[in-house]
Amino acid sequence: MRLTGRRLQPPDCVLALSLMVLILWEIPGAWALDNGLAMTPTMGWLHWERFMCNTDCTEEPDSCISENLFMQMADLMDSDGWKEVGYEYLCIDDCWMAPQRDSKGRLQADPKRFPSGIRHLSNYVHSKGLKLGIYADVGKKTCAGYPGSLGHYDIDAETFADWGVDLLKFDGCHCDTLEQLADGYKHMSLSLNKTGRSIVYSCEWPLYMWPFKKPNYTEIRQYCNHWRNFGDIYDSWQSVKSILDWTSSNQRTVVSAAGPGGWNDPDMLVIGNFGLSWDQQITQMALWAIMAAPLFMSNDLRHISLQAKTLLQNKDVIAINQDPLGKQGYLLRKEDNIEVWERPLSELAWAVAVVNLQEIGGPRSYTISLASLGQGVACNPACHITELLPVKTKLGFYEWTSFVKTRINPTGTVLLQLKISQTTF
């Protein structure tokens, strides 16, 4: 845009300021892993939180870690609308392996639970228009005690590529030193790239570094497509809260690291399980969208409620999560057990989440000054506001000096989208 020499009038100032803020947001940080993948947060399904390490297919054939489980999930991801809204990766976590490598030193699937092998499962998943993820560990053993990749990075990467794997979740158990941990994550990244196959690389590198030293996120971004920072999620409100608390407490370090090609991973969506109330499920979905988090469901798609399915497939909320600007949101302020989070979006839009952390009493009202949002430009000079969660509602046209009043259930969230009014330009 060419600016003339005349003095800018107020509407021009607003437009110029808005464009300047957008340009500043678009300046990238460190470059991410150069494999062209995960340009928006990865979406899919991961078995761990719901099914854990259940290997007893005799007593629990419907919930043990087996090829049947993953084929059934693939069928549902294909037929029940999950694939269409973006849930693309069907991911195996720990406990899929046989206890030992084969005679050529290669990892192999448990022959009883995966009798057809991973290559066959991969073909099946691909036939459904989906992609397959798999799990391994940087150390001597996986967290559950199966063979680790230490000393086998190249052959394991080649094996995964030969099987047609599309994503690797690489855990960090059983490493002796931080140097061994870092070297292993770097080595596997390079080994995956050398295969020539496009494989999303999901790391847990910073999770295992934080107890000892602050991770170097510039370096981590150069090797990983997303990375876990905090411990495993549980099917509980306390667990979701602890992840949000950790993220906001460390946001000066982690938020700037996220962007196209590399994302902070707060762990799985537990929506549709047992431990969260409806309002808490809304909070997880809204905040994972604000945080630009990979969206990996861990639930039983065979027995999910229509309400939970509708929330997980909410296209408006997914669009915020997948926004191409690729900037992670952050906690703007906290007062009297109310948190306000915001995230810049493309086309000068913003997403705002208002969370009621109070766990006693009823719904609470909270009034937001629009001039306080988005560094002063989220609704400057005016904007259209839509409430996306809990229920989609067009709130209408607001001027910059206006206030918007919300009402939030205990442990619930109101998710808003602000779009600059085009008529003001």
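Everything numeric in this text was worked out from a predicted model, so none of it was measured. Values below: all heavy atoms of this structure, side chains included; hydrogens, waters and symmetry mates excluded.
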Residue of the set S239, P266, S242 for which side chain to side chain contact (heavy atoms under 4.5 Å, CB included) holds with F230
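Testing each of S239, P266, S242 against F230, the sole residue satisfying side chain to side chain contact (heavy atoms under 4.5 Å, CB included) is S242.
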From I318, I320, N314, residue fulfilling side chain to side chain contact (heavy atoms under 4.5 Å, CB included) relative to D316:
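Among the candidates, only N314 passes.
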Can you tell me how far apart [atom1] ([X]) and [atom2] ([Y]) are? Round to the nearest 0.5 Å.
X    : Y    : atom1 : atom2 : answer
Y135 : I92  : OH    : CD1   : 13.0 Å
D75  : S79  : CG    : OG    : 6.5 Å
E359 : T411 : CD    : OG1   : 6.5 Å
N123 : K128 : CG    : NZ    : 13.0 Å
L107 : D156 : CG    : CG    : 4.0 Å
I282 : L389 : CD1   : CG    : 6.0 Å

State which residue, out of R343, R252, Q251, E342, fulfils the side chain to side chain donor-acceptor pair (under 3.5 Å) condition with Y330.
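Result: among R343, R252, Q251, E342, E342 is the only option passing the side chain to side chain donor-acceptor pair (under 3.5 Å) with Y330.
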For R407, side chain to side chain donor-acceptor pair (under 3.5 Å) partners two or more places apart:
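Listed in chain order: S365.
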Proximity of F114 and H120 rings by center, below 6.0 Å:
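F114 vs H120: aromatic centres not under 6.0 Å.
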Determine, step by step, whether K83 and D78 satisfy the salt bridge (Lys or Arg N to Asp or Glu O under 4.0 Å) criterion, reporting the C-alpha distance in whole Å, the side-chain angles of both residues, the deciding distance to 0.1 Å, and the verdict.
CA-CA 6 Å; K83 179 177 66 176; D78 176 38; 2.8 Å; yes
Sidechain N-carboxylate O distance under 4.0 Å for K186, E219:
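Here K186 pairs with E219 in a salt bridge, since their nearest N and O are under 4.0 Å apart.
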Salt-bridge criterion met for D336 and R364 (N-O under 4.0 Å)
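A salt bridge links D336 with R364.
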Classify the ring geometry of [X] against [Y]: parallel below 30°, tilted from 30° to 60°, perpendicular beyond 60°.
X    : Y    : result
W163 : F160 : tilted
Y201 : F170 : tilted
W246 : W210 : perpendicular
Y87  : W82  : perpendicular
Y185 : W205 : parallel

Could you check D166 against R197 for salt bridge (Lys or Arg N to Asp or Glu O under 4.0 Å), going step by step and ending with a plain yes or no?
CA-CA 8 Å; D166 305 291; R197 182 170 181 81; 2.8 Å; yes
Between R119 and D162, does a salt bridge (Lys or Arg N to Asp or Glu O under 4.0 Å) hold up when you go through it step by step?
CA-CA 8 Å; R119 176 78 247 190; D162 289 343; over 6 Å; no
Does K140 have any salt bridge (Lys or Arg N to Asp or Glu O under 4.0 Å) partners at least two apart in sequence or in another chain, and if so, which?
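K140 satisfies salt bridge (Lys or Arg N to Asp or Glu O under 4.0 Å) with D176 once adjacent residues are dropped.
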I'd like to know if the side chain of Q284 reaches the main chain of V270, judged simply by a donor and an acceptor atom lying under 3.5 Å from each other, with no hydrogens or angles considered.
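Flag set: sc Q284 to bb V270 pair under 3.5 Å.
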Verdict with supporting geometry, K327 and D323, salt bridge (Lys or Arg N to Asp or Glu O under 4.0 Å):
CA-CA 8 Å; K327 289 294 178 182; D323 186 81; over 6 Å; no
